[in-house]
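In this text, all values refer to a predicted model and were calculated from it rather than measured experimentally. One-based numbering, in listed order, for ligands and for the atoms of each.
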Amino acid sequence: MKTFDDILEQSRFDRDDLKRLLDSRGAEAEKLRQRALAVKLGTLDNHVHLRGLVELSNICRKDCLYCGLRRSNTKVVRYTVSDEEVMGCARLALELGYGSMAIQCGERSDRAFTERITRLVREIKRLSDNSIGITLSCGEQSEEVYREWFEAGAHRYLLRIESSDKSLYEKIHPQDDVHDFERRLACIDSLLKTGYQTGTGVMVGLPFQTLDHLVHDLLFFQEKDVAMVGLGPFLPHPDTPLWAYREQIPSDEERMRLTLNMIATLRLMMPEINMVAATATQTLDPQGREKAVEAGANVIMPNLTPQQYREEYLIYPDKACVGDKPEQCRGCLDLRMKSIGHEILYNAWGDSVAFTKRSARQGSA
Ligand code: 5AD
Ligand code: SF4
Ligand code: FES
């Protein structure tokens, strides 16, 4: 029988290994995270990349059973940040030295919306003289739209699969053709094909979720050979159907432990990818993002959304930094990262090393 230490020494892991790593706690979990940190430092150094986040709009055509922005939630006042305000965010990103922006929003597929994104991407590129990198996180779109946005200058795209297990996916979404697992998978394939640095991810600690599901998620990330992963704990929202299951999910501490174990294990499996220390981790633990970075994450997404909209972008409750000014978060994050021996790289795109290397291999093949 293999010991935990034997498993940590391996460079490939089977399902049983992954399950043991994910299930670790106490001194074993500590060893897993230290190993992941060592692998990260050896591969990517102690660098942390920032993506200034603009929560562009909370208007969403979907009704995901976990999300506070679902279209059935009538308590949300729907908003859209204006073009001028988005450009204000871009100028702020430049001033603060954030080399990259992320535009996130609820899902819409009408032409007025998709054209607006194209225009905004172009304008941010023009304003910054191409110095700002752009990540989009605007849901499922046709391959043509993904291509249009890519050609406009967006080079990274984040679309979480939410769960890579079809039956779990179906339990946390309504059963209709707006929420289709196969289509979501196809979108990830289109993004990869279009040439984006493609990111995906899952929520950890969902109702009905088992360790086997999480192992399946890790193998899915590896099989798709994605460039980025963003994963975070599930946080029950009172105005959503999954709130009813809040007593049946693992405790806050357990969800935090599982999230950190997922990050650490994935860092061992995919040493060169970009991995987000999700803001959601800080809702469960005041040191959540630091712990995520110490377990292997290397990207943080500080919020640039104009203050007046933030209370209406509560995907989950008790989001960190909702009341904090961008300047405050910049100083705060800088100190927090220094306190754990990490360094924020300003004025850089912070591309995924995994992606850059893969492109080079494909280019020379
Ligand atoms: N708890 C944690 N994460 C959530 N998301 C949506 N709702 C919740 C929740 N209640 C995540 C999803 C989505 C991303 C924008 O936010 O993974 O992809
Ligand atoms: Fe809309 Fe995204 Fe929330 Fe689903 S998770 S309801 S697609 S904002
Ligand atoms: Fe926002 Fe600390 S990162 S206040």
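Screening residues 57-82 for salt bridge (charged side-chain N to carboxylate O under 4.0 Å, His left out) gives Arg61-Glu107, Lys62-Glu107, Lys62-Glu140, Asp63-Arg70, Lys75-Asp239 as the qualifying pairs, with residues at least two apart or on separate chains. The side chain to side chain donor-acceptor pair (under 3.5 Å) contacts involving residues 36-49 comprise Lys40-His342, where partners must be two or more places apart or lie in separate chains.
The aromatic rings of Tyr66 and His173 sit perpendicular to each other, their planes meeting at more than 60°, with 30° as the lower class boundary. The aromatic rings of Tyr157 and Trp149 lie parallel to each other, with less than 30° between the two planes, well short of the 60° mark.
Ion pair Asp334/Lys338 flagged as a salt bridge, since at least one NZ, NE, NH1 or NH2 atom sits closer than 4.0 Å to an Asp/Glu carboxylate oxygen. Ionic pairing of Arg156 and Asp351 is present here: one or more N-O contacts between side-chain nitrogen and carboxylate oxygen are shorter than 4.0 angstrom. Using a 4.0 Å cut-off between a side-chain N of Lys or Arg and a carboxylate O of Asp or Glu, Lys2 and Asp17 qualify as a salt bridge. At a threshold of 4.0 Å, the pair Lys166-Glu170 counts as salt-bridged, since one of the basic side-chain nitrogens sits closer than that to a carboxylate oxygen. Looking at Glu253 and Lys291, no side-chain N of the basic residue comes within less than 4.0 Å of a carboxylate O on the acidic one, giving no salt bridge. Comment: Asp83 engages Arg116 in a salt bridge, judged by a side-chain N to carboxylate O separation of less than 4.0 angstrom.
Scanning all heavy atoms of the two residues, the minimum distance from Ile59 to Arg108 falls at CG2-CD, 4.0 Å.
Residue contact check: Leu333 has heavy atoms under 4.0 Å from atoms 3 (S) of ligand 3. Ligand-side atoms of ligand 3 in range of Arg289: 3 (S), range being under 4.0 angstrom from any heavy atom. Remark: ligand 3 atoms within the under-4.0 Å shell around heavy atoms of Cys332 are 2 (Fe), 3 (S), 4 (S). In summary, the atoms of ligand 3 found under 4.0 Å from a heavy atom of Cys321, numbered by their order in the structure, are 1 (Fe), 3 (S), 4 (S).
Here the side chains of Met228 and Val276 are not in contact, with every heavy-atom distance at 4.5 Å or above. Here the side chains of Phe13 and Met269 are in contact, with some heavy-atom distance below 4.5 Å.
Contact shell of ligand 1 (protein heavy atoms, cutoff 4.0 Å): Tyr66, Cys67, Arg160, Glu162, Met203, Pro233, Phe234, Leu235, Ile315, Tyr316.
Looking only at protein heavy atoms, the nearest one to atom 4 (S) of ligand 3 is Asp324 OD2, 3.3 Å.
Within the 4.0 angstrom cut-off, atom 7 (S) of ligand 2 has one or more protein heavy-atom neighbours.
Around atom 3 (Fe) of ligand 2, the protein N, O or S atoms closer than 2.8 Å are Cys67 SG, listed by chain and residue number.
With a 4.0 Å heavy-atom cut-off, ligand 3 is reached by the side chain of Arg336 but not by its N, CA, C or O.
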